[in-house]
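Here is the naming used below: chain letters follow the sequence lines, and residue numbers restart at 1 for every chain.
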2 protein chains.
Amino acid sequence: MPYSLTSSSKDTFNSALREKGLRPTKQRACVYGVILGKRDHPTADDIYDRVKRHLPGTSFATVYNCLETLVGCGLVRQVNMDRSPTRYCPNLTPHAHFRCTQSGKIYDVEIDNNTLSLIQALVPEGFEAENLDLSFSGTGKPSDN
Amino acid sequence: MPYSLTSSSKDTFNSALREKGLRPTKQRACVYGVILGKRDHPTADDIYDRVKRHLPGTSFATVYNCLETLVGCGLVRQVNMDRSPTRYCPNLTPHAHFRCTQSGKIYDVEIDNNTLSLIQALVPEGFEAENLDLSFSGTGKPSDN
DNA sequence: AGCTAAATTGGAATTATTCTAATTCCTGAA
DNA sequence: TTCAGGAATTAGAATAATTCCAATTTAGCT
């Protein structure tokens, strides 16, 4: 049973890939689907497990390939926290991350426009920032412990 | 010829370690010294090379151990940019980092107090941030290319 | 000086990720 | 519709950064 995307996310998916001349394969759709389906900032490993439930033959290399492709198409974001395995996130709005050092859980943190523009203004003259990463770590919700 | 710290940084070093009941060994002093001596955000590998020039017998494990200790004492900061090797920085003031994707160089970026407090205010109710990481990547100074 | 815990050492182990070469799959031109 | 050629996937090997481990050395007390 291949993973089924909703028709709206399938459109997003198809056009993002076609725009880059890439093929919307079932593996890519599945990887995208599992990331959209459970927005818990899964690692490549988590994603591999979930994808295998839908497409049992899928290899690790394919999961990594698909993730790279999806990131390249702007469909998902990579979230790197310290040295821990990379996590993936379908939230494309500008936002920060908070990691609870006790539970390891990662939460999205909204960035309001005012703060966002002040942050962007930190970049010195002559530098051009394409990417910004903001993350916090500390103790999270009491329910995490 | 063991690395010699200036007397003021030697004081900082000694008291930071003593405060935690740790010993100010020559390897630790040397690792701290090379990080202070060339503030170019070196990797563990870079640090290893530099330390070996002063204390030839030093092992990789020791460099990692020392770095962990120094970070734990608050003498240096770890800088993680994406998946690249961890870098180390003796600048303890609140600051962000900018990585030039062409040259790989990392620059410190000051954060003014106003922006800093707005960033801290992003952390939701009930969460307690101990750490904040802000980094940019993009094209840096023309001289880098 | 001698004891004890802390630190260092070299090398093996681990872990996430990337690479490689072979195979399979799509797509579009004939 | 077939088939050629590029794109994607696959399994497994390779890599790179970091951590672990057991043995040895060192430093700071008594």
Can you pull out the residues from residues 79-91 of chain B that lie within a 4.0 Å heavy-atom distance of DNA chain D?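 Those residues are B/Pro85, B/Thr86.
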Output yes when a side-chain donor or acceptor of [X] lies under 3.5 Å from a complementary backbone atom of [Y], and no otherwise.
{"X": "B/Arg77", "Y": "B/Pro90", "value": "no"}
{"X": "A/Thr12", "Y": "A/Ser8", "value": "yes"}
{"X": "A/Thr101", "Y": "A/Gly138", "value": "yes"}
{"X": "B/Asn14", "Y": "B/Asp11", "value": "no"}
{"X": "A/Thr115", "Y": "A/Ile111", "value": "no"}

Run the ring-ring contact (aromatic ring centres under 6.0 Å, His included) test against A/Tyr88 and tell me which residues pass, sequence neighbours left out.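 Per chain and number, A/Tyr88 pairs via ring-ring contact (aromatic ring centres under 6.0 Å, His included) with no residue.
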Atom-pair distance ([atom1] on [X]; [atom2] on [N]), nearest Å:
{"X": "A/Gln27", "N": "C/dT24", "atom1": "CD", "atom2": "C1'", "value": "10 Å"}
{"X": "B/Glu68", "N": "C/dT8", "atom1": "CD", "atom2": "C1'", "value": "14 Å"}
{"X": "B/Lys20", "N": "C/dA6", "atom1": "NZ", "atom2": "C1'", "value": "17 Å"}
{"X": "B/Lys52", "N": "C/dT9", "atom1": "NZ", "atom2": "P", "value": "9 Å"}
{"X": "A/Leu17", "N": "C/dC26", "atom1": "CG", "atom2": "P", "value": "14 Å"}
{"X": "B/Lys26", "N": "C/dT8", "atom1": "NZ", "atom2": "C1'", "value": "9 Å"}

Does A/Arg23 or B/Thr62 map to a spot on DNA chain C nearer the 5' end, using the closest nucleotide for each?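 The residue whose closest nucleotide sits nearer the 5' end is B/Thr62.
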Are B/Phe136 and A/Phe127, when compared by the centres of their aromatic rings, separated by less than 6.0 Å?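 Distance test on ring centres: not under 6.0 Å, no.
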Please identify the 5'-most and 3'-most nucleotides of DNA chain D with any atom under 4.0 angstrom from a heavy atom of chain A.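 With heavy atoms of chain A under 4.0 Å away, the range is D/dG6 to D/dT18.
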Classify the ring geometry between B/His95 and B/His97 as parallel (under 30°), tilted (30 to 60°) or perpendicular (over 60°).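 Perpendicular: the ring planes of B/His95 and B/His97 meet at over 60°.
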Output a table of nitrogen or oxygen pairs between the protein and nucleotides 10-12 of chain C separated by less than 3.5 Å.
unit_1, atom_1, unit_2, atom_2, d
C/dG10, OP2, B/Gly57, O, 3.4

Keeping to residues at least two apart or across chains, list the salt bridge (charged side-chain N to carboxylate O under 4.0 Å, His left out) pairs with something in residues 83-100 of chain A.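 Only A/Asp82-A/Arg99 qualify under salt bridge (charged side-chain N to carboxylate O under 4.0 Å, His left out).
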When all nucleic acid strands are considered with a 4.0 Å heavy-atom cut-off, which category describes A/Asp45: base, sugar-phosphate, or nothing?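 No contact.
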Crowded around B/Glu130 CD? As in, over 12 foreign heavy atoms under 6.0 Å?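 Enclosed.
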Who pairs with B/Ser7 by side-chain contact (heavy atoms from CB on, under 4.5 Å), at least two apart in sequence or on another chain?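 So B/Ser7 forms no side-chain contact (heavy atoms from CB on, under 4.5 Å) with any residue.
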